[in-house]
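Take a look at the structure set out below.
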Amino acid sequence: MSKPIVAIVGRPNVGKSTLFNVLAGEMISIVKDTPGVTRDRIYADCTWLNSRFTLIDTGGIEPDTKDIILSQMREQAEIAIATADVIIFITDVRQGLVDSDAKVADMLRRSGKPVVLVVNKVDSFSKFMPDVYEFYNLGIGDPVPVSAASRLGIGDLLDEVVKHFDIQEGDDEDDDRPRVAIVGKPNVGKSSIINKLLGENRVIVSDIAGTTRDAIDTVIKRNGTEYVFIDTAGLRRKSKIKEELERYSIIRTVTAVERADVVVLVIDATEGVTEQDAKIAGIAHERGKGIIITVNKWDAIEKNNKTVNEFSAKIREILSFMPYADIIYISALSGQRLPKLFDHIDVVIENQNLRISTGVLNEILMEAVAMQQPPSDKGHRLKIYYMTQVAVKPPTFVLFVNDKELMHFSYTRYLENKIREAFGFGGTSLRFITRERKDKE
């Protein structure tokens with residue numbers, strides 16, 4: 001079951017980004033006393049008590065503005081509202097209840113989503129509580145007084161948020177059908193790929209970037225196996241706005257990746273692989289999903305006997321953090337090599353669920369250590385006692401050592417390469433956890 005999505009919304013400059021940073025536990029969202037600083041949603045994975053959720057920060061909502069940037073921010077916030085399971089509506093006790101708050105409240109009421117009303121900047125409960133009561137007039141529940149800057153009332157706020165989470169098992173938990181998220185920049189052919197696989201126009205296809213507004217699940221049956229394909233709106237880079245405060249529109253991809261077993265990253269062959277593709281791929285890589293790199297529109301490229309190797313080398317250079325991902329060249333228009341996508345999906349799912357016995361792992365470990373001694377520091381050498389696999393999706397290994405400070409990332413990478421030489425694990429990242437155990441000697 002994917003984590004609940006919690007969106008923070010409100011007018012500009014009421015403290016959304018400050019609250020986001022406090023809840024996320026680190027300085028992620030830029031805080032600046034200027035309306036419109038947070039232009040796009042920013043996300044973070046959060047935990048409160050036993051509940052885990054994805055938090056979204058949004059640009060401020062100005063309901064009636066005609067300013068193009070504020071309008072874009074409003075659009076981003078509306079997408080976040082549509083995506084969210086719970087909404088934190090933040091207001092400002094020092095500014096008081098204003099007309100824009102009421103209009104935002106009407107928007108949230110129409111969404112039908114659970115809303116937690118927060119009154120921010122309440123640095124003194126005794127002083128400001130009479131002003132907090134004014135916000136009952138919004139008619140969307142009891143206001144929760146907080147001070148994000150002073151970290152007051154945060155626990156009460158999170159208690160209210162997690163009350164709205166569905167603690168029952170979701171349908172995804174019992175659904176063992178492979179889930180495949182199709183992600184990529186706008187207009188690279190994500191919907192066209194699904195339509196070609198499906199054999200009918202189930203998903204709208206348009207040359208206008210961003211046509212697909214929400215994630216859409218499409219079931220495709222092949223050789224007796226059902227696959228659930230999750231189409232997503234592309235990530236849009238607003239290159240016309242040249243400011244360091246720009247952010248990428250990524251939350252739809254984040255939520256789709258959370259639900260997926262395998263992520264198909266679609267790259268436009270006519271544009272080549274870009275840093276934006278790397279940002280999208282990083283979302284799936286960080287979450288340990290199976291990944292397939294799919295280069296679409298390959299039929300539109302003039303080719304010679306070096307084209308594939310040169311294009312692959314460029315992909316490997318920009319996506320250097322995921323050398324394990326296979327690359328497939330296709331054309332959604334003609335269907336060229338598209339059926340092979342299912343073969344790749346099946347292999348990746350098999351590798352994501354592959355378990356290696358502890359005995360076999362330690363044979364590989366002993367051989368690897370014999371070939372290359374573990375690192376040492378000031379005469380103190382790393383000892384690796386044994387290794388065991390503790391999880392799948394992604395395959396996760398625990399190394400028991402005498403001093404985890406000596407376990408350099410380069411040696412972990414060396415061990416990973418030895419495991420991959422033996423078992424492949426194509427299409428999936430591997431996770432390594434180091435645990436200390438006292439040297440019995």
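In D343, the CG atom is crowded: over 12 heavy atoms of neighbouring residues, nucleotides or ligands sit closer than 6.0 Å. Within 6.0 Å of atom CD in E350, 12 or fewer heavy atoms from other residues, nucleotides or ligands are found, so the atom counts as exposed in its surroundings. The number of heavy atoms from other shown groups lying within 6.0 Å of CZ (R52) does not exceed 12. Within 6.0 Å of CZ on R413 lie no more than 12 heavy atoms contributed by other residues, nucleotides or ligands. The 12-atom threshold is exceeded at CZ of R420, counting heavy atoms of other residues, nucleotides or ligands nearer than 6.0 Å.
In summary, the side chains of T18 and N21 do not present any donor paired with an acceptor at a separation below 3.5 Å, with no hydrogens or angles considered. If you check the side chains of N351 and T428, you find no donor sitting under 3.5 Å from an acceptor. A donor-acceptor pair shorter than 3.5 Å can be found between the side chains of Y329 and S312. Between D101 and T91, the side chains place no donor N or O within less than 3.5 Å of an acceptor N or O (distance only, hydrogens not considered).
Side-chain contact between K113 and H164 is absent, with no heavy-atom pair separated by less than 4.5 Å. Using a 4.5 Å heavy-atom threshold, the side chains of F423 and V360 count as touching. Using a 4.5 Å heavy-atom threshold, the side chains of T388 and F400 count as touching. Counting heavy atoms from C-beta on, the side chains of Q389 and T396 never come closer than 4.5 Å. With contacts defined as side-chain heavy-atom distances shorter than 4.5 Å, the pair E436/N402 does not qualify. I90 has its side chain within reach of I8: a pair of non-hydrogen atoms, C-beta onward, lies under 4.5 Å apart. L23 has its side chain within reach of I88: a pair of non-hydrogen atoms, C-beta onward, lies under 4.5 Å apart. At least one side-chain heavy atom of L138 sits under 4.5 Å from a side-chain heavy atom of L117.
In this structure, the ring of F165 has its center less than 6.0 angstrom from the ring center of F53.
Using a 4.0 Å cut-off between charged nitrogen and carboxylate oxygen, K289 and D261 do not count as a salt-bridge pair. We find that K279 and E275 are not joined by a salt bridge, their nearest charged nitrogen and carboxylate oxygen being 4.0 Å or further apart. We find that D326 and K340 are not joined by a salt bridge, their nearest charged nitrogen and carboxylate oxygen being 4.0 Å or further apart. Remark: K185 engages E271 in a salt bridge, criterion side-chain N to carboxylate O under 4.0 Å. With respect to the salt-bridge test (charged N to carboxylate O, under 4.0 angstrom), the residues K163 and D159 do not qualify.
Remark: Y227 OH to R179 CZ distance equals 14.5 Å, nearest 0.5 Å. In this structure, the separation between OG1 on T434 and CG on L406 is 10.5 Å, given to the nearest 0.5 Å.
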